[in-house]
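As structure tokens, the structure follows; a few thoughts come after it.
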Amino acid sequence: MSLEKNVFTLQKRIAKACKRVGRNPNEVKILAVSKYANDQAVGELSQLGIHAFGENRIQQARKRLDLFPALEWHFIGSLQTNKVKYCQGFSMIHSLDRWALANEVNQRSQQWGRRMDMLLQVNISGEASKHGLAPKDVLPFAQELQTLRFIRIRGLMGMAPYIQAEQTRPYFQLLKGIQEEMTKTLGGNFDVLSMGMSNDYEVAIEEGATLIRVGTTLFGEEG
Ligand SMILES: *Cc1c(COP(=O)(O)O)cnc(C)c1O
């Protein structure tokens with residue numbers, strides 16, 4: 001399938017999912033996960049109206065930032081503290097899950113003279129292999145982070161287990177619930193809910209995702 005067709009199909013499905021629950025498709029941002037894609041495919045996709053891209057390995061992410069500086073880059077993988085120094089060009093980091101990382105990003109961002117947008121990664125599946133905060137730890141952690149002036153917590157990121165799409169619904173409901181609680185308790189504007197991948201983005205949208213992270217469905221299996 002061509003990239004153009006993939007984009008068209010994705011947009012159509014997003015629109016349908018939104019319609020089912022009375023949402024506006026403009027509320028759902030597409031993050032093209034390019035980790036398995038080649039540079040040419042990234043370039044082509046950017047010509048088709050996709051502007052935001054996500055990478056999960058810092059090495060490749062840095063190369064891509066250099067190659068495509070006009071695009072919006074998000075970091076979605078687990079991030080070592082000693083790699084934060086390479087993150088200046090990112091628009092958003094989706095994988096904040098510990099104080100040391102927050103502190104390092106805060107210090108670097110101060111040097112860079114900007115605030116970094118970040119999402120708290122929540123381990124909604126409860127699988128030991130997955131990164132992220134336990135749901136019960138999210139609120140107290142978010143509260144602590146309020147002292148760090150150079151990071152801005154925009155919301156939450158989570159991954160459902162890899163199961164039948166329809167069965168992912170409770171995981172997304174859990175994340176949405178935490179976001180609502182956080183908004184109520186801390187009074188901030190947590191407007192980003194990063195959930196849904198190629199397998200389950202339609203369910204995630206029905207449950208309130210404002211950003212979906214899709215790789216395979218856009219680039220194909222090969223990239
Ligand atoms: C790879 C990856 C995705 C995209 O996965 P697809 O199934 O290819 O859509 C989304 N989020 C994260 C954190 C990933 O690592």
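We count ligands from 1, going down the list as the structure has it; atoms in each ligand are counted the same way. Small disclaimer: the values here were computed from a predicted structure and weren't measured.
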**Report entry** His74-Ser91 side chain donor-acceptor pair, cut-off 3.5 Å
**Finding:** no
Report task. Can you sort out which atoms of ligand 1 are near Val214, meaning under 4.0 Å from one of its heavy atoms? Result -> 9 (O)
Query raised in the report: Applying a strict 4.0 Å limit to heavy atoms, is Ile76 in contact with ligand 1?
Result: yes
Query raised in the report: Mind checking whether Thr217 has a heavy atom under 4.0 Å from ligand 1?
Result: no
Query raised in the report: Among all protein non-hydrogen atoms, which one is nearest to atom 9 (O) of ligand 1, and what is the separation to 0.1 Å?
Result: Ser198 OG, 2.5 Å
Query raised in the report: Can Arg62 be said to sit on top of Tyr86's aromatic six-ring, NZ or CZ under 6.0 Å from centre and within 45° of the ring axis?
Result: yes
Query raised in the report: Any side-chain heavy-atom pair from Leu119 and Phe190 closer than 4.5 angstrom?
Result: no
Query raised in the report: CD of Gln59: more than 12 outside heavy atoms within 6.0 angstrom?
Result: no
Report summary line: Under 4.0 Å between heavy atoms, the region of His94 that gets near ligand 1 turns out to be neither
Requested in this report: Compute whether any side-chain donor of one residue and acceptor of the other, for Glu44 and Gln40, lie under 3.5 angstrom apart.
Outcome: yes
**Report entry** Distance from atom 1 (C) of ligand 1 to nearest protein heavy atom, with residue and atom
**Finding:** Lys35 NZ, 1.4 Å
**Report entry** Atoms of ligand 1 close to Thr216 [distance to a heavy atom under 4.0 angstrom, numbered from 1]
**Finding:** 6 (P), 7 (O), 8 (O), 9 (O)
Report summary line: In ligand 1, the atoms that come under 4.0 Å of a heavy atom of Arg213 are 4 (C), 9 (O), 10 (C), 11 (N), 12 (C), 13 (C)
Query raised in the report: Distance only, no hydrogens: is a donor on one side chain within 3.5 Å (strictly under) of an acceptor on the other, for Ser129 and Glu127?
Result: no
Query - Where ligand 1 meets Met159 - atom numbers and elements under 4.0 angstrom, heavy-atom basis - result: 13 (C)
Report task. Show which atoms of ligand 1 fall inside a sub-4.0 Å distance from at least one heavy-atom site of Gly215. Result -> 4 (C), 6 (P), 8 (O), 9 (O)
Report summary line: The closest protein heavy-atom partner of atom 5 (O) of ligand 1 is Met197 CE, 3.5 Å
Query raised in the report: Do NZ/NE/NH1/NH2 and the carboxylate oxygens of Glu104 and Lys85 come within less than 4.0 Å?
Result: no
Report task. Could you label the plane-to-plane angle of the Phe68 and Trp73 rings as parallel, tilted or perpendicular, counting under 30° as parallel and over 60° as perpendicular? Result -> tilted
